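Contents: one structure, followed by commentary.
Below, each value reflects all heavy atoms present in this structure, side chains not excepted, and no hydrogens, waters or symmetry copies. If you're wondering where the values come from, they're calculated on a predicted model, not measured in any experiment.
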Amino acid sequence: MGQDIEIIDFPAEDYMPLKDYEGWRVAVLKHCENTNLEKISWMQKHMETDEVFVLLNGNCTLILAENGDKPGVYKTIEMEPHKLYNIRKGFWHNHVLDEDGEVLIVENRNTTDDNSPTYRMNQKEIEEFQKAFRTLRGMTGFGK
């Protein structure tokens, strides 16, 4: 290829930044162990930037919680393909993907663990989180 285009392959699974340019980053998240409901034990929020998600393939459910010191009341949003989901800075979030799930992520390039606190749930909170997720989704299959 010439210098006019750069082609970047997506990874087989997990999260991978694909391109950083000036102030922004494009990444992809694919199904991996950490996106299974039973493996989620944390929530994250970004203090300096919004974060944008676009469903490319499969199923993804965004999990949101209010912007306090720790996650509280949960809300789930079943993503639809070709729609942009912008999570505002300061709000706790995570996601559950099925085996075919692929999500494009756009965020500020300086989004790091230093400005994106992670809340690690204890076992009781994990059980409450899973119960809330299943209740909100009316779960019978995906993410079970």
Side-chain angles (χ1 to χ4, degrees), residues 1 3-139 142-143:
M1 285 286 154
Q3 295 180 353
D4 57 344
I5 189 168
E6 179 180 13
I7 299 173
I8 302 167
D9 289 330
F10 287 10
E13 64 177 36
D14 210 351
Y15 170 87
M16 180 181 169
L18 299 173
K19 181 69 180 171
D20 286 354
Y21 184 76
E22 294 184 2
W24 55 270
R25 172 186 304 132
V26 177
V28 67
L29 174 67
K30 290 189 175 188
H31 176 265
C32 61
E33 185 175 341
N34 292 333
T35 63
N36 290 328
L37 178 60
E38 291 77 19
K39 298 293 182 177
I40 293 177
S41 62
W42 55 274
M43 296 286 282
Q44 185 178 49
K45 64 180 175 177
H46 305 298
M47 301 308 294
E48 297 180 8
T49 181
D50 290 4
E51 187 173 27
V52 172
F53 297 89
V54 178
L55 180 63
L56 300 175
N57 192 41
N59 294 294
C60 178
T61 301
L62 292 173
I63 306 149
L64 306 171
E66 59 235 1
N67 60 354
D69 291 338
K70 66 179 193 173
V73 177
Y74 296 103
K75 176 169 99 172
T76 62
I77 298 173
E78 184 68 27
M79 293 182 67
E80 296 178 38
H82 308 113
K83 289 189 179 182
L84 186 141
Y85 296 83
N86 184 46
I87 298 178
R88 305 267 185 222
K89 70 180 180 181
F91 283 86
W92 296 103
H93 63 280
N94 207 325
H95 16 66
V96 174
L97 279 77
D98 71 1
E99 290 184 7
D100 296 324
E102 297 179 12
V103 177
L104 186 74
I105 300 172
V106 180
E107 60 192 355
N108 284 357
R109 183 176 178 194
N110 68 347
T111 302
T112 66
D113 290 342
D114 294 336
N115 56 33
S116 301
T118 297
Y119 180 81
R120 303 267 175 213
M121 295 181 266
N122 62 39
Q123 188 58 41
K124 182 180 178 189
E125 290 170 320
I126 291 170
E127 290 168 7
E128 290 171 357
F129 166 81
Q130 290 174 349
K131 181 179 178 184
F133 182 89
R134 288 186 174 106
T135 300
L136 290 167
R137 293 262 349 275
M139 303 268 323
F142 161 61

Inset, instruction - Would you check if the side chain of R109 reaches a backbone N or O of G23 as a donor-acceptor pair within less than 3.5 Å? - result: no
Legend entry - side-chain contact (heavy atoms from CB on, under 4.5 Å) involving K75 - partner list, sequence neighbours excluded: L64, I77
Legend entry - Point-to-point distance, once rounded to the nearest 0.5 Å, from NE2 of H95 to CG of L37: 13.5 Å
Legend entry - Closest non-hydrogen atom pair, A65 against G72: CB-N, 4.0 Å
Legend entry - Flag if over 12 foreign heavy atoms under 6.0 Å of CG, D69: no
Legend entry - Rounded distance [0.5 Å steps], CD in Q130 versus OG1 in T135: 11.5 Å
Inset, instruction - For the pair R134 and E38, find out whether any cationic side-chain nitrogen is under 4.0 Å from an anionic carboxylate oxygen. - result: yes
Inset, instruction - Mind checking the OG1-CG spacing from T76 to N94? Nearest 0.5 Å is all I need. - result: 13.0 Å
Legend entry - With sequence neighbours excluded, residues passing side chain to side chain donor-acceptor pair (under 3.5 Å) with N115: E48
Inset, instruction - Could you check if a side-chain atom of E51 sits within less than 4.5 angstrom of a side-chain atom of H93, using non-hydrogen atoms only? - result: yes
Inset, instruction - Output all residues satisfying side-chain contact (heavy atoms from CB on, under 4.5 Å) with S41, sequence neighbours left out; order by chain, then residue number. - result: I126
Legend entry - Donor-acceptor contact below 3.5 Å, side chain E125 vs main chain N122: yes
Legend entry - Spacing of E128 atom CD and Q123 atom CD [to the nearest 0.5 Å]: 10.5 Å
Inset, instruction - Return the set of residues passing side chain to side chain donor-acceptor pair (under 3.5 Å) with Q44 (not counting sequence neighbours), or none when no residue passes. - result: none
Legend entry - Any donor-acceptor pair under 3.5 Å from D50 side chain to K89 backbone: yes
Inset, instruction - Would you check if M121 and I40 make a side-chain contact, meaning some heavy-atom pair closer than 4.5 Å? - result: yes
Inset, instruction - Indicate yes or no: at least one non-hydrogen side-chain atom of W92 is less than 4.5 angstrom from one of K45. - result: yes
Legend entry - Shortest non-hydrogen contact from M47 toward P117: CG-CD, 3.6 Å
Inset, instruction - For a side-chain contact (heavy atoms from CB on, under 4.5 Å) with V103, tell me which candidate from V28, L62, L97 qualifies. - result: L97
Inset, instruction - Please round to the nearest 0.5 Å and tell me the distance separating atom OG1 of T61 and atom CG of L55. - result: 9.5 Å
Legend entry - Partners passing side chain to side chain donor-acceptor pair (under 3.5 Å) against Y74 (at least two apart in sequence or in another chain): none
Inset, instruction - Please say which of N57, N36, N59 ends up in a side chain to side chain donor-acceptor pair (under 3.5 Å) with H31. - result: N36
Inset, instruction - For residues V73 and E66, report the shortest heavy-atom separation together with the two atoms involved. - result: N-OE2, 3.3 Å
Legend entry - Residue pairs involving residues 107-128 (criterion ring-ring contact (aromatic ring centres under 6.0 Å, His included); sequence neighbours excluded): none
Inset, instruction - Measure the spacing between CG of N108 and CD of E22 and express it to the nearest 0.5 Å. - result: 12.5 Å
Legend entry - Distance-minimising heavy-atom pair for F129 and M43: CE1-SD, 4.1 Å
